[in-house]
Undergrad: 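Pasting in a structure now, in structure tokens, and then I'll have a few things to ask.
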Amino acid sequence: MGLFSFFNKEVAMDLGTANSIVIYNDQVVIDEPSIVAVDRTSNHIIAVGKRAQQMAGKTDNKNVETIRPLRGGVIADFEMAQHLIRELIGMTNINRSFMPPSLRMVICIPSGITNVEERAVRESAEQAGAKEIRMIHEPMAAAIGIGIDVLEPEGHMIVDIGGGTAEIAVISLGGIVCNNSIRVAGDEFNENVVEYMRKQHNMVIGERTAEQVKIKVGAAISELDEPPEDYPTLGRDLLTGLPKEILVNYKEIAHALDKSIARIEQAILDTLSATPPELAADIYRTGIYLAGGGSLLRGLDQRISSKTKLQVHIAEDPLRAVARGTGIALKNFTKFHFLIR
Ligand SMILES: Nc1ncnc2c1ncn2[C@@H]1O[C@H](COP(=O)(O)OP(=O)(O)O)[C@@H](O)[C@H]1O
Ligand SMILES: [Mg+2]
């Protein structure tokens, strides 16, 4: 342990639209959904993370509202985002010691957020005790987490499909050369599933059930080499109002997600055509790297590969690639000149 880390604490935070991860001492110490439960009568924060998620739609208290402050890749709710950041830092317990340490932080933010939003994130971290703060944009952190040497003069394409946004970026020499962020990602896939079940099966399902369907039988293509088993899905019949169960096949979900995935493909093609030729030549050799939870969709790599005629690689543990990269950025706090002050 170096002298700095003995007297000081260092924390890396991936502030995702769906999940937030905190790394401390090289370990993931917090991995929680980015959700805050608040009592609207008193504005009192009741819970954050998994505990808040469990309350969604299940509490008898009408005043309890569950909020995802970063929904859509922007800070939709400033105040709640600040609570989320403070609570996440609080949950690590690092500030509980007798002498509060000097806290150094790197925070990963969606690349679509504005300067004002960025400042709000910084202020929340300061209020939670951070003294030195740097920020990093999501695709850059993903690239680092994948193991790419981002300082090299070589182009790499990253596609990070999270909850609220798909972020497509070409990175070279420590900078984001081309960048495209669209609001088509995991949340929209869930909405596609809800819509499909209603239209096709006359069945109402909640968002969390839709997410389970997506995870169990989600697919980007309708011919998989290793198809998952049909998934028994519970919901309410639209006509009778009674609970019912439907077996859902992956081909149905591939159909339900088709249009959304096509929009991600189009954004990738647009970014490729905006890429300077030298970097495009690099990408032709190295291919496309996928990260984020959305990259776990069965057959997505195959589909993007046949659309772009490029190799597609999925990051190891894609849900944590960005957090890993943010952790590496923390260790290169002074070396990585591209970190945002
Ligand atoms: N196995 C899976 N198949 C498809 N989507 C998944 C899978 N696992 C998680 N997801 C989706 O990934 C998204 C979260 O990804 P994440 O990278 O954590 O997002 P963010 O960075 O925006 O917080 C959610 O929409 C979730 O439903
Ligand atoms: Mg993310």
Side-chain angles (χ1 to χ4, degrees), residues 12-23 28 30-35 48-50 53 56 68-76 81 84-85 88 107-113 135-146 158-169 181-194 206-221 224 226 228 231 248 250 253-254 256-257 260-261 264 289-301 303 314-327 329:
M13 181 185 284
D14 166 16
L15 198 58
T17 67
N19 300 297
S20 290
I21 299 175
V22 177
I23 294 180
V28 171
I30 291 181
D31 186 348
E32 298 272 341
S34 309
I35 302 180
V48 297
K50 292 180 197 83
Q53 185 178 51
R68 281 182 49 197
L70 287 115
R71 197 168 197 129
V74 292
I75 300 191
L84 178 67
I85 295 166
L88 288 170
I107 308 174
C108 177
I109 48 175
S111 53
I113 80 173
M135 312 238 221
I136 183 169
H137 283 140
E138 189 148 353
M140 182 63 88
I144 298 167
I146 285 165
I158 312 296
V159 178
D160 177 14
I161 306 173
T165 55
E167 309 219 359
I168 301 142
S181 172
I182 58 168
R183 286 195 192 190
V184 180
D187 293 339
E188 180 162 314
F189 296 158
N190 295 350
E191 287 162 23
N192 294 155
V193 172
V194 170
E207 196 184 336
R208 292 195 64 192
T209 303
E211 178 162 44
Q212 278 312 303
V213 172
K214 177 182 72 179
I215 290 170
K216 300 290 186 191
V217 288
I221 51 179
L224 288 173
E226 288 171 43
Y231 181 64
V248 179
Y250 82 87
I253 304 307
L257 305 184
S260 296
I261 294 168
I264 295 177
Y289 293 84
L290 298 185
S295 65
L296 290 166
L297 211 55
R298 294 168 188 79
L300 184 66
D301 50 343
R303 180 164 164 172
I314 302 174
E316 189 188 327
D317 197 1
L319 281 160
R320 289 193 170 175
V322 167
R324 232 166 26 236
T326 310

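One is the number of the first residue; the rest follow in order along the sequence. Numbering of ligands and ligand atoms starts at 1, following listing order.
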Undergrad: Quick test: of every protein heavy atom, which one is nearest to atom 11 (C) of ligand 1, and how far off is it to 0.1 Å?
TA: Lys214 NZ, 3.7 Å
Undergrad: Just by distance, do the side chain of Glu167 and the backbone of Ser111 share a donor-acceptor pair under 3.5 Å?
TA: yes
Undergrad: Given Ala220, Gly293, Ala185, identify the one with the heavy atom nearest to atom 10 (N) of ligand 1.
TA: Gly293
Undergrad: Looking only at protein heavy atoms, which one is nearest to atom 26 (C) of ligand 1, and what is the separation?
TA: Glu211 OE2, 3.0 Å
Undergrad: In the protein, which heavy atom is nearest to atom 22 (O) of ligand 1, and how far is it?
TA: Thr17 OG1, 2.6 Å
Undergrad: Atoms of ligand 1 less than 4.0 Å from Gly16 heavy atoms?
TA: 20 (P), 21 (O), 23 (O)
Undergrad: List the closest protein heavy-atom neighbour of atom 21 (O) of ligand 1: residue, atom name, distance to the nearest 0.1 Å.
TA: Glu138 OE2, 3.4 Å
Undergrad: For ligand 1, which part of Thr165 has a heavy atom less than 4.0 Å away: the side chain, the backbone, both, or neither?
TA: neither
Undergrad: If the cut-off is 4.0 Å to any non-hydrogen atom of Ala18, which atoms of ligand 1 fall inside it?
TA: 14 (C), 19 (O), 20 (P), 22 (O), 23 (O)
Undergrad: Please find the pair of heavy atoms, one from Gly294 and one from Leu300, that lie closest to each other, and give the distance.
TA: O-CD2, 3.6 Å
Undergrad: If hydrogens are left out, which of Val322, Val217, Leu296 has an atom nearest to atom 3 (N) of ligand 1, that is, the closest non-hydrogen atom?
TA: Leu296
Undergrad: Keeping Lys216 on the side-chain end and Tyr250 on the backbone end, is there a donor-acceptor pair under 3.5 Å?
TA: no
Undergrad: Just checking: Glu138, one of its N/O/S atoms, less than 2.8 Å away from the Mg ion (ligand 2), yes or no?
TA: yes
Undergrad: Taking distance alone, with no angle check, do Asp160 and ligand 1 share an N/O pair under 3.5 Å?
TA: no
Undergrad: Is there a side-chain contact between Ile261 and Phe189, using heavy atoms and a 4.5 Å cut-off?
TA: yes
Undergrad: Taking C-beta and beyond as the side chain, do Glu32 and Ser20 meet within less than 4.5 Å on heavy atoms?
TA: no
Undergrad: Between Asn192 and Ala256, which heavy-atom pair has the shortest distance, and what is it?
TA: CB-O, 3.5 Å
Undergrad: Got the closest protein heavy atom to atom 18 (O) of ligand 1, with its distance?
TA: Asn19 ND2, 2.8 Å
Undergrad: Side-chain contact, heavy-atom cut-off 4.5 Å: Glu226 with Arg298?
TA: no
Undergrad: Does any N/O atom on Gly163 come nearer than 3.5 Å to any N/O atom on ligand 1?
TA: yes
Undergrad: Which ligand 1 atoms are under 4.0 Å away from a heavy-atom of Gly292?
TA: 17 (O)
Undergrad: Any side-chain heavy atom of Leu15 sitting closer than 4.5 Å to one from Ile85?
TA: yes
Undergrad: Give the numbers and elements of all ligand 1 atoms closer than 4.0 Å to a heavy atom of Gly186.
TA: 25 (O)
Undergrad: Is Arg68 close to Asp187 at the side-chain level, that is, under 4.5 Å between some pair of heavy atoms?
TA: yes
Undergrad: Decide whether the shortest distance between a heavy atom of Gly294 and an atom of ligand 1 is less than 4.0 Å.
TA: yes
Undergrad: Quick one: does Ser34's side chain get under 4.5 Å of Leu84's, heavy atoms only?
TA: yes
